[in-house]
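This is a predicted model, so every value here is computed, not measured.
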Amino acid sequence: MDSRMDQQTVLLLLVGGSATYAALEHPSFGTALLVGVAVVTLLHLLMKSH
């Protein structure tokens with residue numbers, strides 16, 4: 001695993017965790033697990049294309 005992949009992994013975990021926490025604190029934003037998975041998946045797909 002190279003350095004760039006490690007940085008992407010850390011970024012994905014931080015953003016996904018933050019989105020999940022926000023959804024947990026404010027239930028009107030949606031189900032916490034779904035929001036976290038959706039954000040991580042979207043970022044992963046965007047980073048993979050570069």
**Minimum heavy-atom distance between H44 and L12, given as atom pair plus value** = N-CD2, 3.6 Å
**Prompt:** If Ile, Leu, Val, Met, Phe, Trp and Tyr residues are connected whenever their side-chain heavy atoms lie under 4.5 Å apart, and connections chain through other members, are V39 and L11 in the same group?
**Reply:** yes
**Message:** Please enumerate all residues that pass side chain to side chain contact (heavy atoms under 4.5 Å, CB included) together with T41, with sequence neighbours excluded.
**Reply:** V37, L45
**Item:** Euclidean distance, L43 CG relative to K48 NZ, rounded to 0.5 Å
**Value:** 14.0 Å
